[in-house]
Amino acid sequence: MLKRYRIAMLLASLLVYFTPHSALAEEIQFFGDVLLSRGIDQLVAHEGQDGVWRGVPSFFKRDAINIANLEGAVGDKSSCAPSHNPCFAINENNLALLAPFDIVSLANNHSLDLGQTGLKNTIREVRKRGITPLGENEHSSVIRTREGDVGLVVLTDVVNENGDRKQFVLPDSTKTIETISSLKRKTSYVVVYIHWGKELDNLPTERMRNLATQFVKAGADVVVGHHPHVVGTVECIDGRPVVYSLGNFLFDQKYEETKQGAVLRCVIRQGKLSCQLIGTETPMNSFAPKAEKDGIIAKQANEILATCKPAILHVWSDKFTRDLAENSVVWGRTDDKMTTSQIKLYDAAKNKLRFKSLQMPIVSLQPVDVNRDGLQELILIQNIYSTIDEEVAKRIYVYSLDGGMKAIWRGSALSRPLLDAVFISVDAGQSPILIALHSTDSFLLRDKTKPGRIVMSYRWNGFGFTGIKEIKLDTTANYLSYNKGIVKLVGNDGSVVNTLPATDFY
């Protein structure tokens with residue numbers, strides 16, 4: 001018994017170490033520099049925190065994971081390091097402005113404005129708000145999305161004094177290249193998000209181009225820059241998009257060229273990675289950003305980015321087998337019409353194929369430890385014919401990958417016709433909950449035009465799913481996502497049309 005307990009504890013510790021940042025959205029959005037001090041203090045004093053993001057609600061109503069670069073450190077300006085001028089001391093209360101973001105990079109020349117103490121304070125306070133801080137030695141992360149795991153590496157090539165360099169993983173270091181290469185083997189795609197370049201210069205330096213090429217050769221699929229405070233040029237390197245500078249998103253600079261910014265939105269569509277810039281502008285008499293109206297800022301850049309669409313496999317890496325090896329599940333389409341798929345399991349360290357499935361009609365895939373044995377199962381939504389409704393429709397299937405791909409539940413569409421479903425984690429020690437989006441008709445009386453949706457929660461009972469709660473909504477949403485304790489109902493265009501707290505379902 002003791003031996004089994006020790007093995008279980010070892011497995012649990014390994015799973016915690018490899019657990020990715022989980023936000024089950026489709027898109028990832030990268031924002032430029034965000035300042036929370038100096039002029040932003042004045043903006044908050046005059047318009048309140050609600051007024052800061054009033055002009056950009058469209059960015060935060062997307063089904064997306066949001067990533068930004070935070071300039072400064074939490075603490076009092078009396079603690080500013082002499083060599084850090086300007087010094088951006090952040091009032092702790094202003095961190096509430098980071099609520100729309102999932103991850104913030106602290107890999108920049110201002111994260112040490114208040115020394116090591118200020119950096120540690122910032123990391124602690126950002127985490128307290130449910131946001132992941134990256135920077136210093138913790139310079140990479142894995143983000144779990146509906147389309148697979150995404151590797152993220154944050155770097156800075158700019159510091160305010162040479163002594164600060166030892167606090168960061170440097171972009172031209174062996175460790176950076178190893179991190180990118182390692183993530184490439186385990187994820188759908190890898191993004192390098194880097195602080196570099198010259199202030200107020202929209203053109204890349206030779207060093208920036210050389211670094212971008214090194215990143216791409218190591219396995220990066222997207223390179224996104226910030227620091228110049230102006231929108232930079234873009235290019236494709238080996239078919240991979242490189243955006244040299246996003247400019248400012250929230251900043252108090254008054255030069256006209258610093259009043260324009262851009263947000264990079266990336267998504268996988270039909271097996272290819274597609275990224276697009278969306279412009280922002282800040283009025284000359286304000287520091288609050290607004291969505292650009294005419295699309296001029298990003299027009300030329302997007303024409304170039306449209307030619308950078310690398311082919312991507314959907315990859316999730318985790319513990320799927322009892323030998324404790326980290327494996328990668330690779331989901332790929334097997335026909336030109338995108339109707340059939342195949343699942344392959346690889347040893348992530350050796351990149352060696354362990355087995356592959358038959359061809360199957362798969363709509364979506366999610367790894368979940370459904371029975372709490374420390375190993376991930378696969379939850380698939382498949383287009384399968386059933387005699388229940390005598391049609392090909394979405395059904396839930398549960399597979400174990402331990403010893404091969406074995407179905408442990410061949411499901412119907414649960415209680416009603418299914419549109420989409422996601423598993424969410426609840427309290428520690430409890431089974432995850434399946435949240436399903438249903439139409440309001442029934443299997444026996446099919447009426448696809450019947451208005452409204454039913455959102456219902458289910459718990460795995462060891463043999464199938466037991467219903468818990470249901471909520472009926474007047475909505476036309478067709479998809480679900482989940483992030484930060486919120487279940488989101490999503491329209492076909494990626495906009496979030498309804499939100500419900502996860503606590504409503506258990």
If only side-chain N and O atoms count, and only distance matters, is there a donor-acceptor pair under 3.5 Å linking [Y] with [X]?
X	Y	answer
Asp102	Asn483	yes
Glu292	Gln260	no
Thr176	Ser173	yes
Asp347	Asn327	no
Gln29	Arg265	yes
Ser317	Ser328	yes

Backbone N/O of [Y] and side chain of [X]: donor-acceptor pair under 3.5 Å:
X	Y	value
Asp41	Ala45	no
Gln366	Phe423	yes
Thr187	Val150	no
Arg146	Leu480	yes
Glu377	Val370	yes

### Task
Establish, yes or no, whether a centroid distance under 6.0 Å links the rings of Phe287 and Phe251.
no

### Message
Can you confirm whether or not the ring centre of Trp196 sits under 6.0 Å from the ring centre of Tyr244?
### Response
yes

Would you compute the distance between atom [atom1] of [X] and atom [atom2] of [Y] and round it to the nearest 0.5 angstrom?
X	Y	atom1	atom2	value
Thr145	Trp316	OG1	CH2	7.0 Å
Leu98	Ile103	CG	CD1	13.0 Å
His139	Thr156	NE2	OG1	13.0 Å
Asp252	Ser37	CG	OG	7.5 Å

Filter on salt bridge (Lys or Arg N to Asp or Glu O under 4.0 Å), then keep only pairs touching [range], sequence neighbours left out; what's left?
range	value
residues 193-219	Asp157-Arg207, Asp172-Arg207, Arg209-Glu235
residues 70-91	none
residues 47-68	Glu27-Arg62

### Message
Holding to side-chain hydrogen bond (donor to acceptor under 3.5 Å, both in side chains), I want the full list of residues that pass it with Glu125, two or more places apart in sequence or in another chain.
### Response
Lys128, Arg129

### Option from Gln376, Arg322, Lys319 for which side-chain hydrogen bond (donor to acceptor under 3.5 Å, both in side chains) with Asp402 holds
Arg322

#### Entry: Qualifying disulfide (SG to SG under 2.5 Å) pairs with a residue from residues 148-242, counting only residues at least two apart or across chains
Cys236-Cys308

### Check ion pair Lys186-Glu326 (N to O, under 4.0 angstrom)
yes

### Query
Would you call Glu138-Arg127 a salt bridge at under 4.0 Å N-O?
yes

### Query
For Glu136 and Ile123, which heavy atoms make the closest approach, and how far apart are they?
OE1-CD1, 4.1 Å

### Message
For His314 and Trp331, take the angle between the two ring planes, folded into 0 to 90°, and tell me which bin it lands in: parallel under 30, tilted 30 to 60, perpendicular over 60.
### Response
tilted

### Message
Tell me whether the rings of Phe60 and Phe249 are parallel (<30°), tilted (30 to 60°) or perpendicular (>60°).
### Response
perpendicular

Using residues 221-230 as the side-chain source, report each donor-acceptor pair under 3.5 Å to any protein atom, sequence neighbours left out, with the distance given to one decimal.
residue, atom, partner, partner atom, Å
Asp221, OD1, Lys184, NZ, 2.9
Asp221, OD1, Arg240, NE, 3.2
Asp221, OD1, Arg240, NH2, 3.2
Asp221, OD2, Lys184, NZ, 3.0
Asp221, OD2, Val190, N, 3.0
His226, ND1, His195, ND1, 2.8
His227, ND1, His195, NE2, 3.1
His229, ND1, Asp33, OD2, 3.3
His229, ND1, Asn248, OD1, 2.7
His229, ND1, Gln253, OE1, 3.3
His229, NE2, His227, O, 3.3

### Query
Are there more than 12 heavy atoms of other residues, nucleotides or ligands under 6.0 Å from atom CG of Asp323?
yes

